[in-house]
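Structure record follows, encoded as structure tokens.
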Amino acid sequence: MKMKRWKSKMRKTGESTDENESKQKSASRDSINQFTDDLTINLEVIRKEISHNWDVHFRDFIIGRTGIQACIIFVEGLSDKDLIDKHIMTSLMVDFSAEYQQEQPCLSNQFIKNQVLSISDVEEVHSIKEVTSKVLTGSTALLIDGLSHAFILGTTKLKTRTIEEPVSEALVRGPRVGFTESLSDNTSLLRGNGDIENLSLVKFQVGKRSKKDLVVAYINEIVDPELVEEVEKRIKKIDLDNVPESGYVEQLIEDNYLSPFPQVQNTERPDRVMAALMEGRVAILLDGTPFALIAPVTFSMMLQSPEDYYERWIPGTFIRFLRYIAVVLALFTPAVYIAFISFHPGMIPTKLAISIIGTKSGVPFPALIEALFMEVAIEILREAGLRLPKPIGPAMGIVGGLIIGEAAVQAGIVSPILVIVVALTAISSFSIPQYSVGITLRILRFAAMLCAAILGLYGVVLFFLFMMSHLVKLKSFGVPYMSPAVPYRLSEWKDLMVRMPLMMMKRRPKMMHTKDPLRKG
């Protein structure tokens, strides 16, 4: 019993000593993380943290004729050297000496910020960790002996590309500008769409180790406050070391990650984003990517293009109706071909059936195998065309498709009618405006082909019913994905498969629960 008591005491003593050591370590860590009024000690701690980076520069100098030592810290390539030289170094070393020759002013916080530094973005920071993180993102840190804090100066100058036409969403008629990788450029493009006083841009930071700025945009007088609250709630739950692209955000905030259908729309076009904001939706912009996110979305939005509204309503309706036909062809054409050839040849007209039988007489494979062979070949060619250099990619895709199709027919591997079916399917998938929806339909096409190979047209019908039941149950931030078809709202069909004249679309979508349901005008 004594032995057990002694062991328990030793265990408790060990635990208490471990707790004391951890407390001492955390206390020492906190003390190191805080600034002192001694410049030498502060610089020593900062150098231990980031001086191993070759692009971090420490510039020691003396403020005017005061004899007070100071130091600026900046990163080569991220900070604007001209801004540092003209508005920081010159203000502290040259102008300071010329202006205060007779008297030695007290270098207080307000004096430095209001009378010395001729730079717009100045922030006081009391944590060394915060200083290092700000410096490594392009800001300049100013440390002065005798002050127990640092000044963070906005000198970030990132090299970004110029504003160009969006690559993924080309239009014949419409604005020729697209988002860039710079968040400030993207927000300015939104502001430049007009004098919108109620356009709110709320800033967040995502990423634990590599922090990035993220902006949630909405029009305060239109949007439903509950939608904004839900979007911000999901963004705050993002827990990743790094968020390099808005695709990460899209995957982490969508309602059903198991669904093949995208529940957040991505776009490079500021006009599409602004149109969505005017309907009461929310946009998400991430620094470092030209793709903004729009939420919530519906399936019909994925088949719409901004050009539908820039053209008159009759051509806009015709083009949109063609897109719906293209979706059906891209999804079901190979499956219907397999079902007719394998299970229901009696449903084919006699002359056509005789022609198909004649072309398939030398083909050794069943319809499913030859269809899979051609579809996989087309998908590989499509992917290869995307990954190759731009001058080679399009030519390789066209030539490769022609050569493979002709060679397959000549070798007797596939029938000529199947080459026509696969070509029609590929062309139909190209007409879908949203690339992510095109990928989804290409995946589902293979599932439809397998169902057709097992049960014929019954399998195609069952596949369609399962897909529609999934779409009906799917939601994007609480909004039904198939709205306004399900739930049924006939008044909102003016902008579904057809595009009615603009003067007839005076109300915003009811599903958005907007504060102002009427469009002005």
Side-chain angles (χ1 to χ4, degrees), residues 120-121 123 137 154 156 160 163 166 175 177-207 211-238 243 245-250 252-255 263-298 301 306 309 475-479 506-521:
S120 59
D121 189 4
E123 179 187 359
T137 55
T156 305
T160 59
I163 297 174
V177 296
F179 288 129
T180 68
E181 286 76 15
S182 172
L183 183 60
S184 58
D185 289 347
N186 297 341
T187 53
S188 65
L189 286 174
L190 289 182
R191 294 285 186 192
N193 270 273
D195 185 10
I196 307 173
E197 297 180 358
N198 292 282
L199 176 60
S200 300
L201 301 174
V202 183
K203 186 178 177 181
F204 296 87
Q205 278 197 331
V206 291
K211 297 185 182 297
K212 276 194 173 183
D213 291 333
L214 180 146
V215 166
V216 176
Y218 55 89
I219 298 179
N220 199 32
E221 284 189 349
I222 299 176
V223 72
D224 182 10
E226 293 184 2
L227 173 61
V228 176
E229 184 180 350
E230 180 64 24
V231 172
E232 293 180 352
K233 178 183 175 182
R234 297 189 189 187
I235 289 173
K236 290 176 182 177
K237 287 184 178 180
I238 295 176
V243 183
E245 215 276 334
S246 58
Y248 279 64
V249 180
E250 177 183 354
L252 293 171
I253 66 173
E254 63 184 357
D255 290 59
Q263 296 133 62
V264 180
Q265 188 175 30
N266 63 82
T267 180
E268 289 185 85
R269 303 195 61 88
D271 55 337
R272 186 192 282 270
V273 171
M274 187 53 62
L277 297 183
M278 288 296 179
E279 288 187 340
R281 306 182 196 275
V282 173
I284 301 170
L285 296 88
L286 180 68
D287 191 21
T289 174
F291 285 92
L293 303 178
I294 298 174
V297 296
T298 59
M301 284 179 60
Y309 304 94
K475 291 187 177 181
S476 173
F477 287 85
V479 173
K506 294 185 177 181
R507 303 187 69 88
R508 295 187 174 90
K510 291 183 180 179
M511 59 187 171
M512 299 306 304
H513 304 290
T514 55
K515 295 180 182 177
D516 185 5
L518 293 175
R519 303 177 192 265
K520 303 300 180 184

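We number each residue from 1, following the sequence as shown.
Judged purely by atom type and a 3.5 angstrom limit, Arg508 uses its side chain to pair as donor or acceptor with the backbone of Leu518. Between the side chain of Asn186 and the main chain of Ser182, a donor-acceptor pair closer than 3.5 Å is present. Looking at Gln263, its side chain does come within 3.5 Å of a backbone N or O of Asp255 through a donor-acceptor pair. Formation of a donor-acceptor pair under 3.5 Å by the Arg269 side chain with backbone atoms of Val177 is not found in this model.
The shortest non-hydrogen separation linking Met512 to Val479 is SD-CG2, 4.5 Å. In plain terms, the two heavy atoms of Pro270 and Gly178 that are nearest each other are CD-CA, 3.9 Å.
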Notebook entry, point to check: Val273 and Leu190: side-chain contact (heavy atoms from CB on, under 4.5 Å), yes or no, with the steps?
Noted result: CA-CA 8 Å; Val273 171; Leu190 289 182; 3.7 Å; yes

Next item on the list: For side-chain contact (heavy atoms from CB on, under 4.5 Å), just list the numbers for Leu252 and Lys237, CA-CA rounded to whole Å, side-chain angles, deciding distance to a tenth of an Å, and then say yes or no.
Entry: CA-CA 9 Å; Leu252 293 171; Lys237 287 184 178 180; over 6 Å; no

Item checked: Worked verdict on Tyr248 versus Ile238 for side-chain contact (heavy atoms from CB on, under 4.5 Å) -> CA-CA 9 Å; Tyr248 279 64; Ile238 295 176; over 6 Å; no

Note to self: One pair to check against side-chain contact (heavy atoms from CB on, under 4.5 Å): Ile163 and Phe179. What are the steps and the verdict?
What the structure shows: CA-CA 7 Å; Ile163 297 174; Phe179 288 129; over 6 Å; no

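Taken from NZ in Lys236 to CZ in Phe204, the straight-line distance is 5.5 Å, to the nearest 0.5 Å. Rounding to the nearest 0.5 angstrom, the gap separating the CD1 atom in Ile219 from the OG1 atom in Thr514 is 11.0 Å. Between the OG atom in Ser184 and the CZ atom in Arg191 there is a gap of 13.0 Å [rounded to 0.5 Å].
Put simply, the side chain of Gln205 reaches to within 4.5 Å of the side chain of Asp213, judged on heavy atoms. Side-chain atoms of Arg507 and Arg519, non-hydrogen and from C-beta on, never get closer than 4.5 Å to each other.
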Enumerate, atom names and distances included, each donor-acceptor pair closer than 3.5 Å involving a side-chain atom of residues 275-298, sequence neighbours excluded.
from: Glu279; atom 1: OE1; to: Arg281; atom 2: NE; distance (Å): 3.1
from: Glu279; atom 1: OE1; to: Arg281; atom 2: NH2; distance (Å): 3.2
from: Arg281; atom 1: NH1; to: Pro296; atom 2: O; distance (Å): 2.8
from: Asp287; atom 1: OD1; to: Leu183; atom 2: N; distance (Å): 3.2
from: Thr289; atom 1: OG1; to: Glu245; atom 2: OE2; distance (Å): 2.5
from: Thr289; atom 1: OG1; to: Phe291; atom 2: N; distance (Å): 3.2
from: Thr298; atom 1: OG1; to: Ser300; atom 2: OG; distance (Å): 3.1

Using distance only, find each side-chain donor-acceptor pair of residues 220-229 under 3.5 Å and give its atom names and separation, not counting sequence neighbours.
from: Glu221; atom 1: OE2; to: Asn198; atom 2: ND2; distance (Å): 3.3
from: Asp224; atom 1: OD1; to: Glu226; atom 2: N; distance (Å): 3.3

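Applying the 6.0 Å contact sphere to NZ of Lys515 captures more than 12 heavy atoms from other residues, nucleotides or ligands.
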